[in-house]
Amino acid sequence: MLRTTHQSLAGGGGSSAGSSDNSEAGVPAPMLQLGPYTVSFGVQFRTLLHRKTLLLVRDPSIIIVQCGLPVGMGCFHGMVFQGVGKQEFGIASLQCIFIMMTMVCLRVLPLIATWIDERLFMKLEASEMLHTEGAHILATALTTTPLSLVGAALQTLIIYFIVGFAPEYLPTVLGWMLLCFLFFDSVFQCVSAFAASAEEAMVLAIPLLVVTMLFNGLDVAKAIAPQYLQWVFFVTPTAYAMQEIVLHMARDAGEQGQLLIESLGYQEGEGYRGVVVIITETVILRMIQFLALKYLNTVQR
């Protein structure tokens, strides 16, 4: 598709005779694109986006994996914790929220091998100057990422309503779950851009996963963490998400909720900072992903 686009544009202005005939017929000659690429970035992006959309339509298994599997896992998780949301807010509620967050955030982990295979094709096409790495990243961000985001939202909603949490907490829970999902999606796509293989990508991802899941404010609470590790909570998205969700629910739990807040060391007024931290880290990871795709793992011919 991309090669056809290049050839058609190159062929349109390939001969002076053809150009002269077009001018005499009143048809404007195609504009010459200066630089290493025959077509502009906009044409590259539209062509890649069209190709990715066609692949999604022709291969429904991608949609099933991205949306159908989260629905099944959400039903299973919801049935495991069914009714917990209607009980008194306590340890069971915290466990349910933590496992929900873990499942939603890690749901794109199996896609690492697919992303690495796509990177190989992208490198081959980019080496032939068919398109830039940026066009590939942008087209992927507007197809794969929204589909994954829909799957994460469906999984969260199914778990939430089966568990039985009150409807007034839904915006807080859903918002923080999706924010954390976008962060982890950036993490996994970033390591996929760095790593030479899926196995290496997993090795790179594990240390960050351990830190973010361990320092979520529940397994390792602020109240008991050593002073020299307090900075980790400042940069950990899951810590902000757990804190804001628990604070919102605990406000209506009376004395029991207040005791949980104090034991975990949660503090009010850090939600805005958490949103800024997560968005900033996500943007930085996307920039690193772009640089890795452009300069690392070059195809050897």
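Worth knowing before you read on, the calculation uses all heavy atoms, side chains too, and leaves out hydrogens, waters and symmetry mates.
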- request: Could you point out which residue of Leu264, Asn216, Leu247 forms a side chain to side chain contact (heavy atoms under 4.5 Å, CB included) with Met242?
  value: Asn216

task: Apply the side chain to side chain contact (heavy atoms under 4.5 Å, CB included) test between Met249 and each candidate in Leu260, Val173, Thr172; give the one that qualifies.
output: Val173

Establish whether [X] and [Y] are linked, either directly or via other cluster members, by ILVMFWY side-chain heavy-atom contacts under 4.5 Å.
X	Y	answer
Leu259	Ile224	no
Leu174	Tyr272	no
Leu179	Ile284	yes
Ile99	Leu109	yes
Ile279	Val276	no

- prompt: Under 3.5 Å, is there a donor-acceptor pair linking the side chains of Glu270 and Gln243?
  reply: yes

message: For Ala225, is there any backbone N or O sitting under 3.5 Å from a side-chain donor or acceptor partner on Gln230?
response: yes

task: Would you confirm whether Arg286, through its side chain, and Gln189, through its main-chain N or O, come within 3.5 Å as a donor-acceptor pair?
output: no

Closest contact, heavy atoms only, [X] versus [Y]:
X	Y	value
Ala153	Leu178	N-CD2, 3.8 Å
Val235	Glu281	O-OE2, 2.8 Å
Leu106	Pro110	O-CD, 4.0 Å
His136	Glu118	CE1-O, 4.4 Å
Ala239	Phe215	CB-O, 3.4 Å
Ile278	Pro237	CG1-CB, 3.6 Å

Working to the nearest 0.5 angstrom, can you tell me the gap between [X] [atom1] and [Y] [atom2]?
X	Y	atom1	atom2	answer
Ile245	Cys180	CD1	SG	7.5 Å
Phe181	Gln155	CZ	CD	9.5 Å
Trp176	His248	CH2	NE2	13.0 Å
Ser263	Gln258	OG	CD	10.0 Å
Leu154	Ile159	CG	CD1	11.0 Å
Asp117	Ile112	CG	CD1	12.0 Å

Within a strict 4.5 Å, meaning less than it, do heavy atoms of the [X] and [Y] side chains meet?
X	Y	result
Phe184	Thr212	yes
Gln95	Val84	no
Ile162	Phe81	no
Thr102	Met213	yes
Leu157	Leu170	yes
Gln87	Ser93	no
Leu49	Phe45	yes
Leu48	Arg51	yes

task: Start with the C-alpha distance between Phe188 and Leu209, add both sets of side-chain angles, then the distance that settles side-chain contact (heavy atoms from CB on, under 4.5 Å), and finish with yes or no.
output: CA-CA 10 Å; Phe188 297 138; Leu209 291 179; 3.6 Å; yes

message: I'd like to know whether Met103 forms a side-chain contact (heavy atoms from CB on, under 4.5 Å) with His77, so could you lay out the CA-CA distance, the side-chain angles of the two residues, the decisive distance to 0.1 Å, and finally the verdict.
response: CA-CA 9 Å; Met103 291 180 65; His77 181 189; 3.4 Å; yes

message: Please determine whether the number of non-hydrogen atoms from other residues, nucleotides or ligands lying under 6.0 Å from atom CD of Glu255 exceeds 12.
response: no

message: I'd like to know whether Phe89 forms a side-chain contact (heavy atoms from CB on, under 4.5 Å) with Asp252, so could you lay out the CA-CA distance, the side-chain angles of the two residues, the decisive distance to 0.1 Å, and finally the verdict.
response: CA-CA 9 Å; Phe89 186 78; Asp252 301 326; over 6 Å; no

message: Parallel, tilted or perpendicular: which one describes the rings of Tyr240 and Phe234, with boundaries at 30° and 60°?
response: perpendicular

- request: Determine, step by step, whether Val277 and Phe183 satisfy the side-chain contact (heavy atoms from CB on, under 4.5 Å) criterion, reporting the C-alpha distance in whole Å, the side-chain angles of both residues, the deciding distance to 0.1 Å, and the verdict.
  value: CA-CA 10 Å; Val277 168; Phe183 167 78; over 6 Å; no

